[in-house]
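Here is how names work: the chains are called A, B, and so on, in the same order as the sequence lines, proteins then strands, and each is numbered from 1. Here the structure is a predicted model, which is why all the values come from computation and not from measurement.
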Number of protein chains: 2
Amino acid sequence: MSMRSRSVVTIADVARACGVGTMTVSRVINGKKHVSEAMVRRVEEAIARLNYQPNEAARTLKGRTSRTLGLIVPSLSDPFFSQCAHAVQQVAAEQGYMTMLFACEASHSVEAEELSQMRSRNIAGILIVPSSENSMEQLKELRRSGMPVVMMDRTIAGIDAGEVMVENLEGSFRATNHLIDHGHRRILCVGYDREYNSIGQRMDGYRKAMQTAGLQPQYLLVKRGVPVGPRVVAALRAVKPPTAIFSLNNVTSVAVLSALKREKIRIPEQVAMVGFDDFELASLLAVPLTAVRQPAAELGRQATRMLIDSLRSGSGNQQMSARIVLPTELILRQSCGCEPLAQITPLD
Amino acid sequence: MSMRSRSVVTIADVARACGVGTMTVSRVINGKKHVSEAMVRRVEEAIARLNYQPNEAARTLKGRTSRTLGLIVPSLSDPFFSQCAHAVQQVAAEQGYMTMLFACEASHSVEAEELSQMRSRNIAGILIVPSSENSMEQLKELRRSGMPVVMMDRTIAGIDAGEVMVENLEGSFRATNHLIDHGHRRILCVGYDREYNSIGQRMDGYRKAMQTAGLQPQYLLVKRGVPVGPRVVAALRAVKPPTAIFSLNNVTSVAVLSALKREKIRIPEQVAMVGFDDFELASLLAVPLTAVRQPAAELGRQATRMLIDSLRSGSGNQQMSARIVLPTELILRQSCGCEPLAQITPLD
DNA sequence: CAGGACTGTGATATCGTTCTCAGAAATCAC
DNA sequence: GTGATTTCTGAGAACGATATCACAGTCCTG
């Protein structure tokens, strides 16, 4: 009846086929010593012939590492995260690890749920772009129980985990200075209110540049979900409107561009603009956007290496305090009013 | 020494805490019958108090379903796939399934590797946007061994699996007709050469429209990796150049737009354009792109439901022959030369 | 050549859960 | 009241892999 026949080949089948014990086969699979050359070949031949694949659930249960990393990002639609995720998967695969990728879509409850799944799934280690301070408890607890964790792009205070960040402050500082150097005095900083610390760092960079130049910082911060476009338009209609906008991230940049287009406000003539976080299509927009480029792939790679290193070095709690900060790059395009320096890069 | 203390709570701990056997706890966890009301409460209280979480590896090993779906997409950077993946994860989570997401980045060997991992990981079922005919063997074999499979967006011949597709032919037919209706006679069809059947269907739709109008189809097909932009530019410099371009997908659309921009060829004045596959920023481009929108999220949702249904109905081999085809929508913007019908949608 | 160290191999216990079966108590049928 | 069913419960055997231990041999080393 049920075609659910146990057609799966087990280690015992292989052992039987070779006329040896299961331990010998196990040793061959794991590349351990104490197996004769001839035996290795014999077993490998049988494995290939029977198309045997070790049952991961059994291996995991027995206590060995699950060879699986958990990767939690806020969203997959943001190219920054998808690039990052791709890099993680690539490096992990090279090192023999699988990746379980989760997108919590900025939902705290989803993130908590996913984190709680991590333990029951015997995940070897966690790479996370934390969405909310709320998940702190879950993460702390996992960390306490010895789970290696590396935070990417953002950090949560009070968690002793690896960190791979970008130079948010420096990037914002440079971007803001660029606007100042081009004569702008009233620069509006637009973004989501301190959702996480990297946004705070970007705000700090902006503020530092403004104050250094003796200018008054000016913020338009909203909660995520509140339409920011109309607010910006309103700000531009005020007396003494800002002559430039510094957008704290990708999502707000697009929202602002969309609103400005709708209202037929010209960039950079009526208002100049620089955004934090570059994206592929930025150069093909109606007004190519000057933006701070983050090394998304590099961030993913470094974070994964850090995690795997700490996995390899036993339950290396000490190693986890590592911290890497990657540089950013200001990509000049037309939205800030100065001619682009570089040629348009072909997207082919 | 090693902080790797077995701090993990097992079902035996819970049982001991309640003074019952493990089977009783197991029954409570799985919501089975034959447990008294009072006992259920007692056990649930203990589970909560001890923060017990069942070990998935053990459950999986014992033969129960792993409650995990494998999702294989060609790439995460393509918004079509990331939207689709997101929808899959959402529906799966609602139904109590986890998702293992893999991006094979169009590499056949990676795809094969990932497929082979599926079995050893006791994946319950597979959702795949197949990249290559090469993976056919792997997939066929999995299918033979009773693994439920649903193919999304593309199909591979000779595999008896569920299919969720979009109306490629109809969408292309309509898009091409739109150009024809606006007076275009020489329309160039640009894309990657028949990589998979959905591209073939799009080409068929284009051809059907052209032939119906008594026009000569004209193709510019390259292999993935070959820069298509310069070829298009060259084609436009020929005598009797095409007056419109129909791009078979997202990636070629962007490549073409980029090349046209580089060469300062104006759209739609010098050449009109329609692309298959819409994307978020299409409306903010220098020339907002008219495109065939595919219901990416709906595709993911339907596919996931189909897979889970077949999982629930036992090893329902019959059910797997199901096939769903979703409609597309032509989004009119300026690149095709006619005014956009709709207002610009706010991106906030 | 005796004692130690290393190599090659297999029996057996074990990981945490669920399945099978069996027993005890309660309920029902007549 | 006796037998049959149903409810509630637990002991023990899996699931498939690996760690541990045990036991031959083999190779040194003095």
Side-chain angles (χ1 to χ4, degrees), chain A residues 2 4-44 46-47 50-68 117 119-124, chain B residues 2 4-44 46-47 50-68 117 119-124:
Chain A
S2 133
R4 212 51 156 180
S5 59
R6 272 268 152 262
S7 62
V8 210
V9 186
T10 76
I11 199 170
D13 298 326
V14 178
R16 213 171 306 121
C18 297
V20 299
T22 60
M23 258 328 283
T24 302
V25 180
S26 173
R27 275 187 272 257
V28 172
I29 294 166
N30 295 67
K32 295 225 173 140
K33 295 198 155 196
H34 306 298
V35 188
S36 69
E37 192 102 0
M39 182 62 86
V40 171
R41 268 196 301 278
R42 188 143 62 100
V43 171
E44 277 174 346
I47 287 177
L50 298 178
N51 189 22
Y52 164 73
Q53 285 183 277
N55 180 325
E56 275 298 322
R59 299 177 114 181
T60 303
L61 176 57
K62 193 54 183 52
R64 264 249 156 296
T65 135
S66 73
R67 292 184 192 72
T68 301
Q117 289 266 357
R119 187 175 38 214
S120 65
R121 301 239 165 203
N122 291 83
I123 292 289
Chain B
S2 124
R4 211 53 156 177
S5 58
R6 272 271 150 260
S7 62
V8 210
V9 187
T10 75
I11 199 171
D13 298 325
V14 177
R16 212 172 307 120
C18 297
V20 300
T22 60
M23 254 332 279
T24 303
V25 179
S26 174
R27 274 188 271 254
V28 171
I29 295 166
N30 295 68
K32 297 223 171 142
K33 294 199 156 196
H34 305 299
V35 188
S36 69
E37 192 102 1
M39 182 63 86
V40 170
R41 268 196 302 276
R42 189 142 63 99
V43 171
E44 277 175 347
I47 287 177
L50 298 178
N51 189 23
Y52 163 74
Q53 286 183 278
N55 181 323
E56 275 298 323
R59 299 178 113 178
T60 302
L61 175 58
K62 196 53 183 56
R64 264 250 156 297
T65 137
S66 73
R67 292 182 192 72
T68 301
Q117 288 267 356
R119 186 175 40 211
S120 66
R121 302 238 164 204
N122 289 84
I123 291 289

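Here A:N30 reaches the OP1 or OP2 of D:dT18: one of its side-chain N or O atoms lies under 4.0 Å away.
Taking atom CD1 of residue B:I29 and atom P of nucleotide C:dG16, one finds them 14 Å apart after rounding to whole Å. Atom CD1 in B:I11 sits about 19 Å away from atom P in D:dA14, given to the nearest Å. Across the protein-nucleic acid pair, B:R27 atom CZ and C:dT20 atom P stand 12 Å apart, rounded to whole Å. Note: CZ (A:R16) to P (C:dG10) measures 14 Å, nearest angstrom. The interatomic distance linking B:L61 (CG) with C:dT14 (P) rounds to 17 Å, in whole Å. In this structure, NZ of A:K33 is placed 13 Å from C1' of C:dG8, rounded to the nearest angstrom. Rounded to whole Å, atom P of C:dT17 lies 17 Å from atom CG of B:N122. Per the geometry, CE belonging to B:M39 stands 14 Å off P belonging to C:dA26, to the nearest Å.
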From CA spacing to verdict: salt bridge (Lys or Arg N to Asp or Glu O under 4.0 Å), B:R59, B:E56: CA-CA 5 Å; B:R59 299 178 113 178; B:E56 275 298 323; 3.3 Å; yes

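Side-chain contact between A:T68 and A:R121 is absent, with no heavy-atom pair separated by less than 4.5 Å. With contacts defined as side-chain heavy-atom distances shorter than 4.5 Å, the pair A:V25/A:C18 does not qualify. Side-chain contact check for A:T10 versus A:N55: every heavy-atom pair is 4.5 Å or farther apart.
In plain terms, the two heavy atoms of A:S66 and A:A124 that are nearest each other are OG-N, 3.5 Å.
In terms of position along DNA chain C, the nucleotide closest to A:G21 lies nearer the 5' end than the nucleotide closest to the other residue of the pair A:G21 and A:K62. Between A:Y52 and B:V35, it is B:V35 whose nearest contact on DNA chain D lies nearer the 5' terminus. Residue-to-nucleotide proximity on DNA chain C shows that, of B:R67 and A:G19, the 5′-proximal contact is made by A:G19. Closest-nucleotide positions on DNA chain D for B:E37 and A:P54 were compared, and the one nearer the 5' end corresponds to B:E37.
Of the candidate nucleotides C:dG8, C:dG10, D:dT9, C:dG8 has the atom lying nearest to any side-chain atom of A:S36. Considering only the side chain of A:T24, C:dG10 comes nearest among D:dG16, C:dG10, C:dT17. Residue B:M23 places its side chain closer to C:dC19 than to any other of C:dT9, C:dT18, C:dC19. Across C:dG10, C:dT17, D:dA17, the shortest atom-to-atom separation from the side chain of B:N55 is found for C:dT17. Closest to the side chain of B:H34, out of D:dT18, D:dT9, D:dA17, is D:dT9.
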